Amino acid sequence: MSFLSRCPTIALGDTAIVYVNPEQITGVVVTKGGTFQNRFGSFHHDDMVGLAWGSRLATRNKRGFVYLLEPTPELWTLALPHRTQILYQPDISLISSFLELQPGVKALEAGTGSGSFSHAIARTVAPTGTLYSFEYHKERSEKAAEEFATHGLGSIIKLEHRDVCKDGFGITGQVTAVFLDLPSPWEALEAAKAAFDPDRIGRICCFSPCIEQVQRTVSVMQKLNYHDIRMYEVLSRSYEVQKADTDKLPLEHATPKVSGPGSKTKKRQWSATDVEASAAEGGRMNLVSKPKAAVRGHTSFLTFAMVLPGQAEASAEASAGADAGSSAEGGGGEATA
């Protein structure tokens, strides 16, 4: 099963997105003899095999049903097991747009985490692009590598277990887009600048939950001569849309206006004639909407900046010179563990 290929029906080994409602979305790997349990009962994996994506599957006792959806990066973001804080679609959309991700782009990501944004980047830069992804936590790195292979993204995502703040990226002059989801992104800014293609504009985004991280990141960006530095916070509001039976309003009778000291606007009152006329015409089913009471709050601050052509090459040469000087100084010393 690959997130990049399309097959009309479900097969063994596929990752299916089991949809109950917007709050209950789960990713399930279809296996022979396996089952998926929820409050409606058991859903047998063998019953899923051969069904078209989007099919409705009922329990064998007919107590309830679920929908089986084809996996996409958007659905995987809602269904994945959280190993860290993840990016959601509003942030992903803005970052992808600013970094100008498109097929063929070589991008770099530090802080793989749960792999939410990694899936979105891989789908966008495929089939000829590459995502170099780095994760300093070994267990998370191994789990992410397993998921990328299962989802058919191993040819696009090159994952490495590495502490980029201490050891850098090991990449010079190759990428045009960098995304840093790190506790201290300012420590990786110099190595990130060296990783940019010197002949093209480089774009970077730092994902930081706290404003203090933003302040320190911006300070270091200015010292390293990053350009067009800006910061955004993305807040989204969801609306509930439903059908409602509404009667035609008697618009032929305007609300009377009253002017003068102490006067109040009179509300239009429906007369018996208005009610009878509306009933005779019949009610209408209209789509109505209202904002949800709960709004998703702050996720993180997004700090964007650019590196102009030629600056990345100068940074890479300075970095190489510093490494050579460090090696020369330490040449006569003893190796220590």
Side-chain angles (χ1 to χ4, degrees), residues 1-93 113-120 122-123 143-144 146-153 236-246 283-297 299:
M1 171 65 193
S2 173
F3 275 45
L4 304 179
S5 61
R6 292 289 178 265
C7 182
T9 58
I10 302 172
L12 290 174
D14 285 354
T15 298
I17 305 299
V18 180
Y19 179 95
V20 180
N21 57 50
E23 284 71 43
Q24 297 182 46
I25 304 176
T26 309
V28 173
V29 177
V30 180
T31 58
K32 187 172 182 60
T35 58
F36 170 75
Q37 304 276 348
N38 70 5
R39 60 191 177 90
F40 297 124
S42 299
F43 296 87
H44 296 262
H45 291 192
D46 292 338
D47 297 339
M48 301 178 184
V49 176
L51 293 179
W53 291 110
S55 297
R56 189 171 76 169
L57 176 66
T59 58
R60 293 180 178 179
N61 58 13
K62 307 301 180 183
R63 289 183 55 193
F65 63 88
V66 297
Y67 290 98
L68 304 176
L69 306 182
E70 187 174 15
T72 64
E74 292 80 8
L75 288 174
W76 182 247
T77 292
L78 301 175
L80 60 78
H82 287 212
R83 297 183 288 273
T84 59
Q85 179 185 0
I86 69 169
L87 274 75
Y88 290 95
Q89 205 54 44
D91 288 330
I92 290 174
S93 300
S114 300
S116 170
F117 193 32
S118 307
H119 282 74
R123 193 260 311 267
K143 184 62 179 176
E146 180 183 336
E147 287 178 351
F148 296 155
T150 301
H151 297 163
L153 303 176
S236 63
R237 170 177 285 183
S238 299
Y239 278 74
E240 295 177 348
V241 180
Q242 58 188 10
K243 286 186 176 181
D245 189 1
T246 58
R284 295 183 301 173
M285 295 298 292
N286 290 334
L287 284 175
V288 298
S289 66
K290 66 175 182 178
K292 289 185 177 180
V295 178
R296 186 184 295 277
T299 55

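It should be emphasised that the depicted structure is a prediction, and the values quoted were computed from it without experimental measurement. Scope of the values below: all heavy atoms of this structure, side chains included, with no hydrogens, waters or symmetry mates.
- Side-chain atoms of Q85 do not come within 3.5 Å of backbone N or O of G113 as any donor-acceptor pair.
- Residues passing the side chain to side chain contact (heavy atoms under 4.5 Å, CB included) test with F65, sequence neighbours excluded: R56, A58, Y67.
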Please evaluate residues V18 and F43 with respect to the criterion side chain to side chain contact (heavy atoms under 4.5 Å, CB included), reporting the C-alpha separation (whole Å), side-chain torsions for both, the decisive distance (0.1 Å), and the verdict.
CA-CA 10 Å; V18 180; F43 296 87; over 6 Å; no

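- Nearest approach of W53 to P71, heavy atoms of both residues: CH2-CD, 4.0 Å.
- Counting heavy atoms from C-beta on, the side chains of L4 and L153 come closer than 4.5 Å.
- Between atom CG of residue L57 and atom CG of residue L51 there is a gap of 6.5 Å, rounded to the nearest 0.5 Å.
- Looking at S116, its side chain does come within 3.5 Å of a backbone N or O of L87 through a donor-acceptor pair.
- Annotation: salt bridge (Lys or Arg N to Asp or Glu O under 4.0 Å) contacts involving residues 72-87, sequence neighbours excluded, comprise E74-R123, R83-E147.
- With sequence neighbours excluded, the residues satisfying side-chain hydrogen bond (donor to acceptor under 3.5 Å, both in side chains) with N61 are T59.
- Scanning for side chain to side chain contact (heavy atoms under 4.5 Å, CB included) contacts around P291 gives R237, Y239, with sequence neighbours left out.
- Heavy atoms only, all atoms of each residue included: S114 and P81 are closest at OG-O, 3.9 Å.
- Annotation: salt bridge (Lys or Arg N to Asp or Glu O under 4.0 Å) contacts involving residues 42-51, sequence neighbours excluded, comprise D47-R60.
- Shown here for A52 and S55, the closest heavy-atom pair between the two residues is O-OG, 2.5 Å.
- Using a distance-only test at 3.5 Å, with no hydrogens or angles considered, no donor-acceptor pair links the side chain of D14 to the main chain of A16.
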Given H82 and L80, is the side chain to side chain contact (heavy atoms under 4.5 Å, CB included) satisfied, shown in steps?
CA-CA 6 Å; H82 287 212; L80 60 78; 3.4 Å; yes

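- The structure places CZ of F117 at 9.5 Å from CD of Q89, a figure rounded to the nearest 0.5 Å.
- Between the NZ atom of K290 and the CD atom of Q242 there is a distance of 6.5 Å, given to the nearest 0.5 Å.
- The CD1 atom of I10 lies 4.5 Å from the CG atom of L68; values are rounded to the nearest 0.5 Å.
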Under 3.5 Å, which donor-acceptor pairs do the side chains of residues 25-35 form with other protein atoms, sequence neighbours left out?
from, atom 1, to, atom 2, distance (Å)
T31, OG1, H45, ND1, 3.4

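- Taking CD1 of I86 as the start and OG of S118 as the end, the distance is 11.5 Å to the nearest 0.5 Å.
- A search for side chain to side chain contact (heavy atoms under 4.5 Å, CB included) contacts involving S42 returns Q37, H44, not counting sequence neighbours.
- Here L75 pairs with I17, L69, T72 under the side chain to side chain contact (heavy atoms under 4.5 Å, CB included) rule; sequence neighbours left out.
- In terms of heavy atoms, W76 sits closest to T15 at CZ3-CG2, 4.1 Å.
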